[in-house]
Each structure stands twice: as C-alpha cells, then as structure tokens.
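Start at 1 and go down the list; that is how both ligands and their atoms are numbered. Computed from a predicted model, the values in this text were never measured in an experiment.
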Amino acid sequence: MSVTNDIERVLVSEEEIDGRISELSNEISQDYVDAESLLIVSILRGAFIFTADLSRKLTVRHSVDFIALASYQKSTSSGEVRMISDLRQSIEGRHVLIVEDIVDSGMTLEYMSNLLRERKPLSVKTCVMVAKEGVDVNSSGIGVDYLGFVLPDVWVVGYGLDYDDQYRTLPYIAELKSRIYQ
Ligand code: IMP
Ligand code: MG
C-alpha cells in the first residue's frame, strides 16, 4: 500500500518549500557575503534534503559537511543525544551554519551548538526548516537564526523528516495520521 495512505494532510507544499528556501538562501547569502570560510554543518539524517536544496541556492562561497546524531526512537524522545559520526574537518576559524530539520524540545540543537562552540569557530548560527508551534526559538539554549516554517505540534514527515525511517522522501511536509505514531 502506498505511503500516502498514512498522511493526514499536507502542511507545506513542494512549491511553498521551494519559495521559502529561496528566501532563506537569499538572506543567508547576504549575511555571509564577506565571510571567507562558511561551513554548512548538516545534521543527518533529517536535514539532508533541506541541506541539498538550500546549499545549492546559496550564492556565497561555502562547503558542506555532515554530522550524524540520534535522539529519537520512533516518536518518543530518548532524552539524550548521541553522536553517530563526526565532521570530517576542523571548524576552527570558520563561520559555521548548522542546518537542522526540525526543533521540538531544542535538545538536539543545544547539544550541537555547545559541541561546535568548543571547537573555536569564528561564529555559529543555525538554520532550521521547521519549528513546532509553542517552541521558543529565541531562547538562549535554542537560538534559531533562520527558520523555514512554524507548524502545529503534530508528528510531521516528508522532505527529510521521518517516522521510523519512513516517509523521508515525500516531496512535501505533512502531518502523519496519529494512528501510525500513537
Ligand atoms: P529535539 O531535540 O526535541 O528538538 O528534537 C529534534 C529531533 O527530533 C529532530 O532532529 C528530528 O529528528 C526529531 N523530530 C522531532 N519532532 C519530529 C517530527 O514531528 N517529525 C520527525 N522528526 C521529528
Ligand atoms: Mg534530526
């Protein structure tokens, strides 16, 4: 049976995603126009599609590296973040932009920011595709600098976001039927 049977409703269409990513990449390109060494740090696996589309629209010189983290077992937070694999390169003296799929409790982003700040980068900022409604994205622990969309506090899938490793490659962002994740 097709995975689309598990979708409750589409929250952000392919066209809306594309439009918002153009806006974000313009903003980022302007902000980093004078930066010599921008490094995009993409958090696997959820951010891989967002990163691919965003980074290809940037007009500033940059490179992309990946860090793999895990925190969730299906839809329940395990309450801790684990690193599965680290960056390949040193970030010392570079401007770092963390790219993440979604912020919920903010634990993942806080862990990442703290980890990378210890490595003496020139700066660390964050770009997040989705924040769940009610999350304070300006709190000191989270600090989202560039945000794609604020969505209702339901389980969302597609455009990189998964449930139990499924639905990642749907081209839109959608609410999963609650019977799947409850
Ligand atoms: P946080 O650490 O609680 O902010 O959770 C962030 C991580 O949880 C994200 O990187 C996602 O991998 C995962 N996550 C949280 N909510 C959702 C969701 O609605 N759909 C898919 N993944 C989610
Ligand atoms: Mg993630």
Practice item. Using distance alone, with no hydrogens and no angle criterion, decide if D53 and Y159 have a side-chain donor and acceptor under 3.5 Å apart. Key: yes
Practice item. Mind running side-chain contact (heavy atoms from CB on, under 4.5 Å) on R20 and M129 for me, showing each step along the way? Key: CA-CA 9 Å; R20 188 71 189 112; M129 183 174 69; over 6 Å; no
Study note, to complete from the structure: Quick note on ligand 1: atoms under 4.0 Å from a heavy atom of T108 include exactly 1 (P), 2 (O), 5 (O), 6 (C), 7 (C)
Exercise for review: Please report the C-alpha distance between I98 and S113 in whole Å, then the side-chain angles of each, then the deciding distance to 0.1 Å, and finally whether the side-chain contact (heavy atoms from CB on, under 4.5 Å) criterion is met.
Suggested key: CA-CA 8 Å; I98 300 172; S113 305; 4.1 Å; yes
Review point. Is the closest heavy atom of V130 to ligand 1 under 4.0 Å?
Key: no
Review point. Can any side-chain N or O of S123 pair as donor or acceptor with the backbone N or O of H95 at less than 3.5 Å?
Key: no
Point to revise | Exam field: side chain K177 to backbone N5, donor-acceptor pair closer than 3.5 Å | key: yes
Check your understanding: Do the ring planes of Y163 and W155 sit parallel (below 30°), tilted (30 to 60°) or perpendicular (above 60°)?
Key -> perpendicular
Review point. Which atoms from ligand 1 have a heavy atom of D101 less than 4.0 Å away?
Key: 9 (C), 10 (O), 11 (C), 12 (O)
Practice item. Using a 4.0 Å heavy-atom cut-off, say whether D104 meets ligand 1 through its side chain, its backbone, both or neither. Key: both
**Study point:** Distance filter under 4.0 Å to V154 heavy atoms, resulting ligand 1 atoms
**Key:** 19 (O)
Exercise for review: Have a look at ligand 1 and work out which part of D162, if any, has a heavy atom under 4.0 Å from it: side chain, backbone, both or neither.
Suggested key: backbone
Point to revise | Main-chain N/O of E110 paired to N114 side chain as donor or acceptor, under 3.5 Å | key: yes
Check your understanding: Numbering the atoms of ligand 1 from 1, which are under 4.0 Å from a heavy atom of S105?
Key -> 1 (P), 2 (O), 3 (O), 4 (O)
Review point. For ligand 1, is there an N or O atom under 3.5 Å from any N or O atom of G106?
Key: yes
Check your understanding: Using 4.0 Å as the upper bound for N to carboxylate O, is an ion pair formed by R88 and D65?
Key -> no
**Study point:** V156 N/O to ligand 1 N/O under 3.5 Å
**Key:** yes
Practice item. May I ask whether E110 places a heavy atom under 4.0 Å from ligand 1? Key: no
Exercise for review: Mark up the atoms of ligand 1 that fall under 4.0 Å of a heavy atom belonging to E100, in ascending order.
Suggested key: 9 (C), 10 (O)
**Study point:** ligand 1 contacted by L161 (non-hydrogen, < 4.0 Å)
**Key:** yes
Review point. With a 4.0 Å cut-off, would you call D162 and R168 a salt bridge?
Key: yes
Exercise for review: Report the part of L109 (side chain from C-beta onward, or backbone N, CA, C, O) that has a heavy atom under 4.0 Å from ligand 1; answer both or neither where that applies.
Suggested key: neither
